[in-house]
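Accompanying notes for the structure given below.
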There are 2 protein chains.
Amino acid sequence: MSKKISESAVRRLSLYLRTLEELDRAGHEAVSSEQLAARSATTAAQVRKDLSVFGSFGKRGFGYTVEELGRALRGILGLTQPWRVALIGAGRIGSALFEYTGFARRGFQIVAVFDSDPAKIGRKWGDSIIHDVAKLERVVSDKDIQIAILAVPVEAVQGVMDQASRAGVRGVLNFAPVRLKVPEGVTVKDVNLVIDLESLTFALSQGF
Amino acid sequence: MSKKISESAVRRLSLYLRTLEELDRAGHEAVSSEQLAARSATTAAQVRKDLSVFGSFGKRGFGYTVEELGRALRGILGLTQPWRVALIGAGRIGSALFEYTGFARRGFQIVAVFDSDPAKIGRKWGDSIIHDVAKLERVVSDKDIQIAILAVPVEAVQGVMDQASRAGVRGVLNFAPVRLKVPEGVTVKDVNLVIDLESLTFALSQGF
DNA sequence: CACAGCTTGTGAAAACCTTCACAATACTAG
DNA sequence: CTAGTATTGTGAAGGTTTTCACAAGCTGTG
Ligand SMILES: NC(=O)c1ccc[n+]([C@@H]2O[C@H](COP(=O)([O-])OP(=O)(O)OC[C@H]3O[C@@H](n4cnc5c(N)ncnc54)[C@H](O)[C@@H]3O)[C@@H](O)[C@H]2O)c1
Ligand SMILES: NC(=O)c1ccc[n+]([C@@H]2O[C@H](COP(=O)([O-])OP(=O)(O)OC[C@H]3O[C@@H](n4cnc5c(N)ncnc54)[C@H](O)[C@@H]3O)[C@@H](O)[C@H]2O)c1
């Protein structure tokens, strides 16, 4: 099933899933594209078009079953089984991410933490021990880790990325403000808060 | 000047600025759209089109002056003077953000920190004191704060948002995974790492 | 069972964004 | 000053995404 679908459409699917989970918690059993759209800040037509790429999940005259559509979206987004994640860089942002419970709730399990600082290596974080980044390849393949979160300084990140892809990591969430070079078959998503702030100030400046 | 320009075009401008700063540090004085594109992961035509919306910054046969184009981009993005930012929520992600030096380097100054936890209020963080969030409106107008970073739990965030907009905040970077309701004239950018991870797992699942 | 009332799924149209291609123009060398 | 080379700025073309609008089909009622 190699459908062409845009990055923003995928992000909307993820948003629909969050909305469906809220609806489920609130006890709703069914939802129309109209309602789903209103709660996800889009339009009913957009919702239906986004879903139609992957199949037909609703019933005419009735809408979608919250639970069923949720299951379908989890399938589409690849969330049917948990993902095993390595956190590389046990610094400020790394520790915030490690303690964040929102990842595990969605099936992202941080199963190993790495750093290069001798003062940090060997320390315990919860049930985990901070590993020496030199052991990245061993641990990644032992624990069958598929995703890495890179929270290391910008000078170190390309080197760490190279190690991670050699170790077999296929997906990366990168916090360092630099474009990574990666081999074929490795996917990178960048988180860049400065860019977010600048798109904010652009909008603010346009106002005057 | 009400030009229509897409969110992704603005994000590219921000990226070009980062690239120009790297080029400047490396001692380059001039750059062509081709070079700028290669280092910013886009195409030369895209670079020129993006810039052309705002004016004509290059010289034919020569390219762009790194410093001049940088200044132009800073103007476009609204970065000609520093922005005064409030950080609301002195928790895990809040403290990582507070200590991050990358914001100040781009002219985003965190000039006040707020929390609601009596155990945190009054504590010193660097040169700042953590204020009671109840004093938000006073401090925001006293210090002429324009932007707020919201790093509070999801249950609290809409209330904090309401206070912030009443206090006169015009732009918000929101870390809580919920769509905020805001009055006209207030701009919100959401940071949602779960969505980033899910767009990653979508890409990974498509591979098989 | 027939009918009224909704809501989906989807082609077609519209809007939006990116790429192409080239005339205009600047700089350099001779 | 001219010729040659490089690179911009921009209409037009091509491609993608969103919106529109409606036939098809489900549900519930009488
Ligand atoms: N702190 C923030 O709020 C923030 C915001 C946006 C972006 N970032 C980016 O995130 C990254 C991390 O930022 P931070 O503030 O957490 O920095 P930090 O200095 O607090 O933490 C970085 C950690 O990485 C470790 N490290 C260094 N080299 C390493 C290597 N080769 N292998 C493994 N570990 C290594 C360090 O020992 C340290 O523990 C940086 O690239 C930064 O630009 C941070
Ligand atoms: N930690 C992460 O890595 C991470 C990642 C993604 C998203 N988030 C989101 O960021 C937000 C903060 O997460 P965190 O992990 O830092 O949580 P946290 O519990 O560590 O910190 C939240 C802080 O907000 C304060 N607070 C609560 N109510 C408040 C109010 N009304 N006014 C002011 N302060 C208030 C708390 O006292 C606490 O200090 C959450 O919405 C979370 O979903 C966090």
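Naming: A, B, ... by sequence-line order, numbering from 1 per chain.
Between the side chain of Lys143(B) and the backbone N or O of Ala112(B), no donor-acceptor pair lies under 3.5 Å. No side-chain donor-acceptor contact under 3.5 Å links Glu21(B) to the backbone of Arg18(B). A donor-acceptor pair under 3.5 Å links the side-chain atoms of Gln158(B) to the main chain of Lys181(B), judged by distance alone. Between the side chain of Ser199(A) and the backbone N or O of Arg11(B) there is no donor-acceptor pair closer than 3.5 Å. Checking side-chain atoms of Ser40(B) against main-chain N and O of Ala37(B) turns up no donor-acceptor pair under 3.5 Å.
Among dT7(C), dC17(C), dT19(C), the nucleotide with an atom closest to any side-chain atom of Arg60(A) is dT7(C).
Taking atom CD of residue Gln35(A) and atom C1' of nucleotide dC6(C), one finds them 12 Å apart after rounding to whole Å. Straight-line distance from the NZ atom of Lys49(A) to the P atom of dG9(C): 12 Å, rounded to whole Å. Put simply, OH on Tyr64(A) is 8 Å from C1' on dT7(C), counting in whole angstrom units. Between the C1' atom of dG9(C) and the CG atom of Leu36(A) lies a distance of 15 Å, rounded to the nearest Å. At whole-Å resolution of the value, CZ in Phe62(A) and P in dT8(C) are 10 Å apart. If you take CG of Leu13(B) and P of dT18(C), they are 11 Å apart, rounded to a whole angstrom. Atom pair Arg12(B):CZ and dT19(C):C1' shows a separation of 12 Å (rounding to whole Å applied). Separating the CD atom of Gln46(A) from the C1' atom of dT7(C) is a distance of 17 Å, rounded to the nearest angstrom.
In this model, the phosphate group of dT8(C) is approached by a side-chain N or O of Arg48(A) to a distance below 4.0 Å at OP1 or OP2.
Comparing Thr43(A) and Lys59(A) by the nucleotide of DNA chain D that holds the closest heavy atom to each, the one mapping nearer the 5' end is Thr43(A). For the pair Ser6(A) and Ala45(A), both in contact range of DNA chain D, the more 5′-proximal nearest nucleotide belongs to Ser6(A).
Aromatic ring pairs are classed by plane angle as parallel below 30°, tilted from 30° to 60° and perpendicular above 60°; the pair His131(A) and Phe114(A) is tilted. Ring geometry for Trp125(A) versus Phe98(A): interplanar angle of 30 to 60°, hence tilted.
Chain B approaches DNA chain D over the interval dA6(D) to dA12(D), counting the first and last nucleotide 5' to 3' with an atom under 4.0 Å from its heavy atoms.
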